[in-house]
Amino acid sequence: MSSSGVLLRLLPLVWIVFFSGLAIAVPLPVLALHVHEGLGFSIATAGLAVGIQSLATLLTRQMAGSAVDRYGAKKTVVVGLPLAVLAGLFYLGSLGAAAPVVSLGILTAGRLCLGLAESLFLTGAMAWGIGRVGLANTGRVMAWQGIALYAAIGLGAPVGIAINNAYGFAGVAAVAATAPLVAIPMVFLIAGVPTMPGRRLGFHRVLGLIWRHGVALALATAPFAVLATFLALVFASRGWPNAGADPMRA
């Protein structure tokens, strides 16, 4: 299959990953501000509210892989996208709570829900892409889905700040709930792929094969995670605007 043919077959999945990724990216630069300044919790609690979603993703990724093996990639994505919508609705629901601690609890439930959703739709989309273009093009699948995800993250930061400035956290939550809805129709426009036959390895066996690469990736992305979590708070503390659009000033 030619490179252009591979891309054409992957474009629907790029669409899905991009709009699903906006559900992750748009709240990211304003969550810490909302928890710290809006709800009055400490910076540590604000960091926890941001990071708990990634922890949930980490803890559910193996389950998502098993779901792909058992039910297929398309069905896994079909489950993951509505959960991403539900996460945004949790964000909205948190704004109606009378007590800040209750609001934080509802918001945290949304973050956990989004962590599971991310595992399902990203793992499903990856397997779906490989099934559409073949194992020989696995690298291209990973590259294009990575481009889609990080394009969403890059766009989501300034968009999230702009929406928060104009409409508050309610606007951010509404966009987070709406973005996956744009991806859902594409899921039903493309055919699913059969599950790939092969011998399943136990979790500990897989962990033994990949832990070095995983540790290296975790260490490489830790600075990005810290910046993404606390950059908006730094800008706010110094009276600087446009944290999502001007990260070099920190």
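Because the structure is predicted, anything quoted here is derived from the model rather than measured.
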Worksheet item: If you measure from CG on Leu48 to CD1 on Ile43, what distance do you get to the nearest 0.5 Å?
Response: 14.0 Å

Item to complete: Tell me whether Ile52 is reachable from Val101 by hopping between hydrophobic residues (I, L, V, M, F, W, Y) whose side-chain heavy atoms are closer than 4.5 Å.
Response: no

Discussion item. Let me confirm one number: the OG-CG distance from Ser94 to Leu107, rounded to the nearest 0.5 Å.
Written reply: 5.0 Å

Discussion item. Measuring from atom CE of Met186 to atom CD1 of Ile190, what distance do you get when rounded to the nearest 0.5 angstrom?
Written reply: 7.5 Å

Worksheet item: Is it the case that one hydrophobic cluster holds both Phe188 and Val68, taking links as side-chain heavy atoms less than 4.5 Å apart, direct or via other members?
Response: no

Discussion item. Test: ring-ring contact (aromatic ring centres under 6.0 Å, His included). Region: residues 140-163. Which pairs qualify, not counting sequence neighbours?
Written reply: none

Worksheet item: Pick from Thr108, Leu83, Leu89: which one makes a side-chain contact (heavy atoms from CB on, under 4.5 Å) with Cys113?
Response: Leu83

Worksheet item: Which heavy atom of Gly80 sits nearest a heavy atom of Ala117, and at what distance?
Response: O-CB, 3.3 Å

Worksheet, complete the sentence: Between Pro180 and Ala23 the two heavy atoms that sit nearest each other are CG-CB, 3.7 Å

Discussion item. Please enumerate all residues that pass ring pair (Phe, Tyr, Trp, His ring centres under 6.0 Å) together with Phe19, with sequence neighbours excluded.
Written reply: Trp15

Discussion item. Can you list everything that forms a side-chain hydrogen bond (donor to acceptor under 3.5 Å, both in side chains) with Arg140? Sequence neighbours excluded, please.
Written reply: Ser3, Asn137

Item to complete: Identify whether Val175 and Leu155 are in the same connected component of the hydrophobic contact network (ILVMFWY, side-chain heavy atoms under 4.5 Å).
Response: yes

Fill in: Leu33: side-chain contact (heavy atoms from CB on, under 4.5 Å) partners, not counting sequence neighbours
Glu37, Ala232, Leu233, Ala236

Discussion item. Would you say CE of Met142 has more than 12 non-hydrogen atoms from neighbouring residues, nucleotides or ligands within 6.0 angstrom?
Written reply: no

Discussion item. Could you report the tightest heavy-atom contact between Val50 and Leu31, atom names first, then the distance?
Written reply: CG2-CB, 3.9 Å

Worksheet item: Are Leu209 and Leu217 joined in one hydrophobic group, where the rule is that I, L, V, M, F, W and Y side chains link up if heavy atoms are under 4.5 Å apart?
Response: no

Worksheet item: Is there a side-chain contact between Lys75 and Val79, using heavy atoms and a 4.5 Å cut-off?
Response: no

Practice prompt. Under the side-chain contact (heavy atoms from CB on, under 4.5 Å) rule, collect the residues that match up with Ile210, sequence neighbours excluded.
Written response: Val206

Discussion item. For Ala176 versus Pro27, what's the shortest heavy-atom pair and its separation?
Written reply: CB-CG, 3.8 Å

Discussion item. I need the minimum non-hydrogen distance between Val30 and Ile161, along with the two atoms involved.
Written reply: CG1-CD1, 3.8 Å

Worksheet item: Checking side-chain contact (heavy atoms from CB on, under 4.5 Å) for the pair Thr45/Val35: CA distance, chi angles, key distance, verdict?
Response: CA-CA 8 Å; Thr45 302; Val35 173; 4.3 Å; yes

Item to complete: Treating Ile, Leu, Val, Met, Phe, Trp and Tyr as nodes and any side-chain heavy-atom pair under 4.5 angstrom as an edge, say whether Val85 and Val159 lie in one connected cluster.
Response: yes

Discussion item. Please enumerate all residues that pass side-chain contact (heavy atoms from CB on, under 4.5 Å) together with Val187, with sequence neighbours excluded.
Written reply: Ile16, Lys74, Val77, Val78, Leu81, Trp128

Worksheet item: Quick one: CG on Leu59 to OG on Ser54, what's the gap to the nearest 0.5 Å?
Response: 11.0 Å

Practice prompt. Return the set of residues passing side-chain contact (heavy atoms from CB on, under 4.5 Å) with Ala56 (not counting sequence neighbours), or none when no residue passes.
Written response: Leu112

Worksheet entry | Set of ring pair (Phe, Tyr, Trp, His ring centres under 6.0 Å) partners for Phe169, sequence neighbours left out | His34

Fill in: Donor-acceptor contact below 3.5 Å, side chain Gln145 vs main chain Val14
no

Discussion item. Determine whether a donor-acceptor pair (N or O, by modelled atom type, separation under 3.5 Å) exists between the side chain of His36 and the backbone of Phe41.
Written reply: yes

Response to the item:
For Pro185 and Val182 the tightest heavy-atom approach is CD-O, 3.5 Å

Worksheet item: Which ILVMFWY residues can you reach from Leu219 by hopping between side chains whose heavy atoms are under 4.5 Å apart?
Response: Trp211, Val215

Practice prompt. With rounding to the nearest 0.5 Å, note down the distance linking CD1 in Ile153 to CD1 in Ile24.
Written response: 6.5 Å

Worksheet entry | Those residues that, when tested against Thr60, pass side-chain hydrogen bond (donor to acceptor under 3.5 Å, both in side chains) (two or more places apart) | Ser119

Worksheet, complete the sentence: side-chain hydrogen bond (donor to acceptor under 3.5 Å, both in side chains) filter on Ser103, not counting sequence neighbours, yields none

Fill in: Value rounded to 0.5 Å, distance of CG in Leu39 from CG in Leu95
8.5 Å

Worksheet item: Does the pair Arg132 and Val141 meet the rule for a side-chain contact (heavy atoms from CB on, under 4.5 Å), with working shown?
Response: CA-CA 10 Å; Arg132 282 177 66 82; Val141 176; over 6 Å; no

Practice prompt. Taking the side chain as every heavy atom from C-beta outward, state whether Ile130 and Leu135 have any atom pair closer than 4.5 Å.
Written response: yes

Worksheet item: Under the 3.5 angstrom rule, does the side chain of Arg111 hit a backbone N or O of Gln53 as a donor-acceptor pair?
Response: no

Fill in: Listed once per pair and sorted, the ring-ring contact (aromatic ring centres under 6.0 Å, His included) pairs that draw on residues 63-103, sequence neighbours left out
none

Worksheet item: Within the distance-only criterion (no hydrogens, no angle test), does the side chain of Thr57 pair as donor or acceptor with the backbone N or O of Gly115 below 3.5 angstrom?
Response: yes

